[in-house]
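Numbering of ligands and ligand atoms starts at 1, following listing order. Position 1 is the first residue of the sequence; numbering continues from there.
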Amino acid sequence: MEVVKEACSETGFFQVVNHGVPTPLIDRAFQVSTHFFDLPADEKLRYSSGSDAPLAPGYNRQPVHPPYRSEFLLMFSPSSAMTNIYPANPPHLREVEEEVFTSLSKTASLIEGIINDCLGLPSGLLKEFNSDRSSDFLMAHQYFAATEGQTNGLTPHEDSNSITLVFQDDAGGLEVFRNGEWIPATPEPGAIVVNVGDIIQVLSNNKFKSATHRVVRPGGKSRYSYAFFYSLPPEKWVEPLSQLTEEVGELPKYRKFQFGEYLELKRKGIFNPPKRPQDIIHVTHYSIN
Ligand SMILES: O=C(O)CCC(=O)C(=O)O
Ligand SMILES: [Fe+2]
């Protein structure tokens with residue numbers, strides 16, 4: 001518990017094992033995503049939604065980034081009203097991804113509970129704050145091998161949701177910013193990287209940190225990863241919890257905002273990076289000075 005508390009307050013990033021997602025399932029997840037991403041481009045494009053929404057289910061290439069950088073397959077909860085697009089090839093892809101989704105949901109809920117207790121909150125409070133799981137989503141990524149002078153996979157960012165779980169293959173490349181340095185999250189077979197997001201930073205009134213992280217593409221081969229976003233519905237309002245502000249005599253460090261409004265501002269930063277770093281929106285946009 002102390003270790004998690006320290007990790008959450010210093011970087012917002014840690015790796016877990018014995019997390020409940022079976023290693024053979026993780027292996028199968030990589031097998032189906034690799035199989036799919038290896039298909040010819042025109043076949044993959046058949047599973048694209050055709051929508052220009054930034055988070056559309058199905059096959060996506062980041063719209064404004066060079067196409068050789070990364071591509072991904074996105075799905076929402078199998079039980080939500082969102083219509084997922086499942087590639088027909090490999091045939092068991094849907095079954096595997098749904099199992100991964102269900103398993104990661106359980107692990108995220110468990111980790112949410114641990115974070116809740118590390119913050120000293122009444123048991124189950126974070127779960128109660130948001131038990132609507134309809135906006136969670138899973139992304140299977142392929143990042144193409146680095147080319148000369150082009151190693152960027154994902155530029156430094158914080159995740160806007162509450163908790164992200166990542167598993168990456170042995171190519172590595174995921175890094176977290178800590179004390180002015182980029183620290184690689186060393187790939188461990190079967191391990192899951194836990195990434196605290198902006199919502200936990202706000203709810204905790206900065207007690208826990210939303211991790212600044214990036215992906216560096218390795219040379220020589222593609223990198224595969226899965227990221228599961230434990231999120232909130234866009235209409236949800238967010239502000240520092242009273243248990244961590246007025247009840248302990250601290251002033252809130254953020255003003256109240258609606259999650260969807262923040263996503264809109266932020267997506268411009270992720271999918272269309274502004275030229276100047278100071279124009280990228282962070283959750284500190286809502287800071288009270
Ligand atoms: O691919 C990864 O390892 C991490 C992905 C990530 O940070 C993101 O999608 O926000
Ligand atoms: Fe991220």
Student: If only side-chain N and O atoms count, and only distance matters, is there a donor-acceptor pair under 3.5 Å linking Asp136 with Ser77?
Tutor: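 Ser77 vs Asp136: no donor-acceptor pair found between side chains.
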Student: State the atoms of ligand 1, each with its element, that fall below the 4.0 Å cut-off from a heavy-atom position in Tyr143.
Tutor: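 Close to Tyr143: 1 (O), 2 (C), 5 (C).
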Student: Provide the number and element of each atom of ligand 1 under 4.0 Å from a heavy atom of Phe229.
Tutor: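 Here the atoms of ligand 1 in question are 8 (C), 9 (O), 10 (O).
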Student: Go through ligand 1 atom by atom and flag the ones less than 4.0 Å from a non-hydrogen atom of Ser225.
Tutor: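 Result: 1 (O), 2 (C), 3 (O).
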Student: So which protein heavy atom does atom 6 (C) of ligand 1 come closest to, and at what separation?
Tutor: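 For atom 6 (C) of ligand 1, the nearest protein heavy atom comes out as Leu154 CD1, 3.3 Å.
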Student: Is it the case that more than 12 heavy atoms not belonging to Asn18 sit under 6.0 Å from its CG atom?
Tutor: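 12 or below, so no.
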Student: Side chain of His19, backbone of Leu104: donor and acceptor closer than 3.5 Å?
Tutor: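 Not confirmed, His19 side chain does not pair with Leu104 backbone.
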Student: One residue to check: Val193. Relative to ligand 1, which of side chain, backbone, both or neither has a non-hydrogen atom less than 4.0 Å away?
Tutor: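 It is neither part, as no heavy atom is under 4.0 Å.
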Student: May I ask you to decide whether Lys236 forms a salt bridge with Asp132, counting only side-chain N to carboxylate O separations under 4.0 Å?
Tutor: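 Not counted as a salt bridge, because no side-chain N and carboxylate O are separated by less than 4.0 Å.
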Student: Using a 4.0 Å heavy-atom cut-off, which part of Asn195 comes near ligand 1: side chain, backbone, both, or neither?
Tutor: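 For Asn195, there is no contact with ligand 1 at all, from either part.
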Student: What atoms in ligand 1 come closer than 4.0 Å to a heavy atom of His141?
Tutor: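 Within the 4.0 Å cut-off of His141, ligand 1 contributes 1 (O), 9 (O).
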Student: Do Gln168 and Tyr143 have a side chain donor and acceptor closer than 3.5 Å?
Tutor: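 No pair is found: no donor N or O on one side chain lies under 3.5 Å from an acceptor on the other.
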Student: Which residue and atom name correspond to the protein heavy atom nearest atom 7 (O) of ligand 1, and how close is it?
Tutor: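 Of the protein heavy atoms, His213 NE2, 3.0 Å lies nearest.
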Student: Applying a 4.0 Å heavy-atom criterion (strictly less than), which segment of Gln168 is in contact with ligand 1: side chain, backbone, both, or neither?
Tutor: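 For Gln168, there is no contact with ligand 1 at all, from either part.
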Student: Checking Thr245 against Glu250: is there a side-chain donor and acceptor pair closer than 3.5 Å?
Tutor: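 No pair is found: no donor N or O on one side chain lies under 3.5 Å from an acceptor on the other.
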Student: Give the numbers and elements of all ligand 1 atoms closer than 4.0 Å to a heavy atom of Asp159.
Tutor: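 The atoms of ligand 1 under 4.0 Å from a heavy atom of Asp159 are 10 (O).
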Student: Judged by atom type as modelled, is there a donor-acceptor pair below 3.5 Å linking the side chain of Arg28 to the main-chain atoms of Glu97?
Tutor: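 No: the side chain of Arg28 does not pair with the backbone of Glu97.
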Student: Kindly report the NE2-the Fe ion (ligand 2)-OD1 angle for His213 and Asp159 respectively, rounded to 10°.
Tutor: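 Between NE2 of His213 and OD1 of Asp159, at the Fe ion (ligand 2), the angle is about 90°.
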Student: Among all protein heavy atoms in this structure, tell me which lies nearest to atom 3 (O) of ligand 1, with the distance rounded to 0.1 Å.
Tutor: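 Of the protein heavy atoms, Arg223 NH2, 2.7 Å lies nearest.
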Student: Please give the atom name: the N, O or S atom of His157 nearest to the Fe ion (ligand 2).
Tutor: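 So the atom name we want here is NE2.
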Student: Could you point out which residue of Tyr59, Tyr224, Phe30 forms a ring-ring contact (aromatic ring centres under 6.0 Å, His included) with Phe36?
Tutor: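 Among Tyr59, Tyr224, Phe30, the one that satisfies the ring-ring contact (aromatic ring centres under 6.0 Å, His included) with Phe36 is Tyr59.
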Student: Is the ring centre of Phe137 less than 6.0 Å from the ring centre of Phe229?
Tutor: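 Close enough - the centres of the two rings lie under 6.0 Å apart.
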